[in-house]
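Step one of this worksheet: look at the structure below.
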Number of protein chains: 2
Amino acid sequence: MPQAQVRDVARLAGVSPGTVSNALNHPEKVSPSTRERILSAIAELGFVPNDAARQLRRGTNASIGMIVLDIANPFFTAVAGGVEAKLAEVGRPLVLANSGQDHAREIAYLDLFAEQRLSGVLVTPAGQVLDRLRRLRDRGTAIVVVDRKTGASEFSSVSVDDDLGGRLATQHLLDVGRRRIAFVGGPASLSQISHRIGAARRTVEEFGAGEIVHLDGPTLDVEAGRIGARRLLELPAAERPDAIFAANDLIALGALQALIMAGVRVPDDVAIVGYDDIEFAAAAAIPLTSVRQPAVAMGGAATTRLLDVIADPTGSTVEHIVLEPELVVRQSSSG
Amino acid sequence: MPQAQVRDVARLAGVSPGTVSNALNHPEKVSPSTRERILSAIAELGFVPNDAARQLRRGTNASIGMIVLDIANPFFTAVAGGVEAKLAEVGRPLVLANSGQDHAREIAYLDLFAEQRLSGVLVTPAGQVLDRLRRLRDRGTAIVVVDRKTGASEFSSVSVDDDLGGRLATQHLLDVGRRRIAFVGGPASLSQISHRIGAARRTVEEFGAGEIVHLDGPTLDVEAGRIGARRLLELPAAERPDAIFAANDLIALGALQALIMAGVRVPDDVAIVGYDDIEFAAAAAIPLTSVRQPAVAMGGAATTRLLDVIADPTGSTVEHIVLEPELVVRQSSSG
DNA sequence: CGCTCATATTGAAACGATTTAACGGCGGCG
DNA sequence: CGCCGCCGTTAAATCGTTTCAATATGAGCG
């Protein structure tokens with residue numbers, strides 16, 4: 001079956017290819033009657049414009065790309081939901097990619113996006129990608145960093161105040177009488193993690209009592225939480241923490257599961273505070289205290305910012321939007 | 001900043017554009033020394049090939065598209081994970097789109113994929129899209145339906161036996177002495193739903209006792225579960241079901257939450273069985289009995305099938321792969 | 001009735017890569 | 001020593017759409 005193209009549509013409608021293109025892209029330049037005729041020719045032939053040809057000629061791609069750290073984490077799907085909703089308003093498609101915290105895959109997707117000449121990219125970097133981001137930007141792709149402030153701060157970003165979040169969680173644990181707090185989750189090379197830990201350490205210091213132990217790990221999923229909890233259980237009772245501050249809710253849920261299985265009472269023996277407040281935190285075996293991040297709002301704000309950058313490419317306006325997290329206290333820490 | 005193109009690379013390396021292209025796409029046709037020279041020219045200029053031009057000339061797009069029903073549902077992200085892993089092996093990029101069970105968005109994405117001439121599409125249809133799928137296939141895009149058998153069965157599919165799943169769940173509830181079973185979740189127009197309900201009805205019939213009540217709803221998320229549970233609580237005590245068979249785990253978790261909040265004892269007053277066995281089912285307030293679907297395996301199988309169809313376009317081989325679900329009994333139904 | 005001006009349409013160039021047929025140089029073989 | 005064939009390279013054609021300058025058409029005005 002031959003694929004119909006503009007030329008065929010033009011012939012059937014008795015006009016030139018240029019007019020067909022105009023009918024589709026600049027309807028006001030075409031008289032209603034010819035437009036009508038062209039549209040029915042298109043329907044009859046089942047013509048579908050070739051996006052590659054259009055893009056090549058136009059020089060731009062309307063799509064927006066997004067690279068998330070972990071598609072299995074409800075927090076990121078919530079962010080993506082916020083992005084998608086905003087993009088739907090302006091009729092731009094979203095291309096979603098999952099780096100899985102793997103630097104190589106992140107690089108591969110960034111390179112793909114570069115080849116595709118996307119008009120904008122939202123990214124939560126997993127590794128060192130400043131050079132690629134610069135190259136992308138230099139080629140005309142708008143970039144907004146999500147859930148992180150880049151070191152060089154040369155790109156606009158939307159993030160949630162990780163220092164505040166770390167402080168809220170730690171202060172709360174101190175308030176309910178905990179003194180040995182294990183921070184579970186990593187890697188510390190992720191700036192979110194280092195900020196949350198840093199804030200936790202500072203809070204303990206200011207408080208004048210207590211300590212933070214970091215149980216690092218390579219990933220941020222449920223399994224990492226189970227592993228972290230087991231490592232914690234191996235410690236001699238005297239050294240065992242009386243609280244866990246988890247890097248995110250997946251880890252908190254995994255740790256919770258492992259602790260319960262081991263007969264540890266939560267929150268009596270070990271209190272737990274998670275991070276993100278995903279939908280499942282409230283429904284956990286022991287409802288999880290968590291630092292709520294405005295995920296959907298973050299996605300929306302990042303998208304708005306990105307569209308602004310696209311609209312005004314000259315704009316050297318770099319903007320860092322920082323949203324505020326909020327502590328939601330539930331049973332896992334209120335003992 | 002001017003974007004370097006093959007012509008520039010060619011000039012710098014002292015060869016013709018054709019040779020640059022060969023160096024990139026058919027390295028064996030180019031002598032090692034020139035290839036070396038070309039690669040360093042590419043690096044020096046920061047040349048990034050324009051995918052649109054390449055595609056236009058080649059006539060195909062290596063990317064695979066996937067449309068999921070609900071990106072916020074861990075079940076679908078697990079499926080997507082399986083797909084991504086398989087695609088990574090063959091170096092094809094995945095374009096992930098979320099229909100959100102919205103027919104209009106589903107259509108929009110299918111149209112976009114058609115314009116992009118993707119080589120393959122994995123789709124879990126939300127609405128009536130047979131005509132679009134046919135058009136896509138006729139234009140040379142391979143199609144595999146995921147988590148569903150299409151009515152016309154003209155497309156290959158990978159699904160999980162919903163009849164068996166419905167039977168397993170219902171039989172289990174009957175076995176633990178329940179007789180009034182509420183099926184919560186909809187819409188019934190989704191074939192998964194109708195199969196699971198149908199099997200439930202048949203199981204009750206064969207058993208010779210009990211009944212199924214369907215509490216329909218437009219979506220399959222946590223909120224729908226809460227709403228379903230509330231509707232159930234409004235029934236006079238005599239009519240109130242003693243078990244819930246939820247269309248998926250999100251609904252089960254929402255219902256569980258609402259029931260607990262209302263002081264209903266689970267499983268004593270109302271037993272609950274979910275569907276999917278997502279990662280969070282086991283970590284719920286009352287660990288959830290659920291019909292486990294092999295999500296990752298389904299994604300992998302669908303991808304393998306899709307790649308086969310792409311490799312053999314003439315192949316009129318339509319194949320329907322049906323995987324088996326498995327009941328995982330936990331506390332929410334073992335009373 | 002002729003001229004101007006706006007509007008609708010046309011034809012051809014252009015986007016940037018890949019491909020293909022043709023070509024030149026070189027070594028091997030007779 | 002000359003011809004053949006092979007290898008690496010080149011020049012030009014090509015993919016399918018959009019754009020742009022040029023043209024045709026028709027209306028309005030003096």
Side-chain angles (χ1 to χ4, degrees), chain A residues 1-39 41-42 45-63 111-112 114-119 139-140, chain B residues 1-39 41-42 45-63 111-112 114-119 139-140:
Chain A
M1 170 160 317
Q3 308 233 347
Q5 42 191 71
V6 235
R7 154 169 64 249
D8 306 311
V9 174
R11 196 180 312 134
L12 182 58
V15 297
S16 80
T19 305
V20 173
S21 173
N22 279 334
L24 254 32
N25 304 301
H26 308 280
E28 77 286 356
K29 305 183 108 183
V30 169
S31 77
S33 68
T34 36
R35 183 170 143 76
E36 194 76 16
R37 203 147 26 90
I38 291 173
L39 289 183
I42 288 178
L45 296 175
F47 165 73
V48 177
N50 182 321
D51 194 48
R54 164 187 295 153
Q55 240 180 75
L56 174 57
R57 179 61 235 227
R58 287 216 183 132
T60 65
N61 185 332
S63 294
D111 286 350
L112 178 69
E115 293 193 359
Q116 294 183 155
R117 307 288 196 268
L118 297 187
S119 41
R139 299 193 75 82
Chain B
M1 171 164 311
Q3 310 232 345
Q5 43 192 66
V6 247
R7 151 167 68 249
D8 306 313
V9 175
R11 196 180 313 134
L12 182 58
V15 297
S16 80
T19 304
V20 173
S21 173
N22 279 335
L24 254 33
N25 304 300
H26 308 279
E28 77 284 358
K29 307 184 105 183
V30 169
S31 77
S33 67
T34 33
R35 184 169 142 75
E36 193 76 17
R37 203 147 26 90
I38 290 172
L39 289 184
I42 287 178
L45 295 175
F47 165 72
V48 177
N50 182 322
D51 193 48
R54 163 187 296 154
Q55 239 179 76
L56 174 59
R57 178 62 234 226
R58 286 218 182 129
T60 64
N61 185 333
S63 295
D111 287 350
L112 178 69
E115 294 193 357
Q116 293 183 158
R117 306 290 195 266
L118 297 188
S119 41
R139 299 193 76 84

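Convention: sequence-line order gives letters A, B, ...; per-chain numbering from 1.
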Just to be sure I understand the rule, does A:D51 reach a base, reach only the sugar-phosphate, or reach nothing, if contact means heavy atoms closer than 4.0 Å? nothing
Which nucleotide in the set C:dA17, D:dT18, D:dT19 lies at the smallest distance from any side-chain heavy atom of B:N50? C:dA17
Please state how far atom CZ in B:R37 lies from atom P in D:dG8, giving the value in whole angstrom units. 14 Å
Check: A:R57 side chain, D:dT18 base, donor-acceptor under 3.5 Å: yes
Whichever of B:R117 and B:G18 has the more 5' nearest nucleotide on DNA chain D, that residue is B:G18
Contact class for A:T19 vs. all strands (heavy atom < 4.0 Å): base, sugar-phosphate, or nothing? base
For the side chain of A:Q5, counting heavy atoms from C-beta on, which of C:dT10, D:dT17, D:dT18 is nearest? D:dT17
Expressed as a whole number of angstroms, how long is the span from B:I38:CD1 to D:dT9:P? 7 Å
Is there a side-chain polar atom (N or O) of A:T34 under 4.0 Å from OP1 or OP2 of C:dT9? yes
How many whole angstroms separate atom CZ of A:R11 from atom P of D:dT17? 13 Å
With respect to the side chain of A:N22, which nucleotide from C:dT10, D:dT9, D:dG16 is positioned closest? C:dT10
Can you tell which of D:dC15, D:dT19, C:dT18 lies closest to the side chain of B:R58? C:dT18
Regarding B:V20, tell me which of base, sugar-phosphate or nothing describes its non-hydrogen contacts under 4.0 Å with the strands shown. nothing
Shortest side-chain distance from B:S21, nucleotide among C:dT18, D:dT17, C:dT10: C:dT18
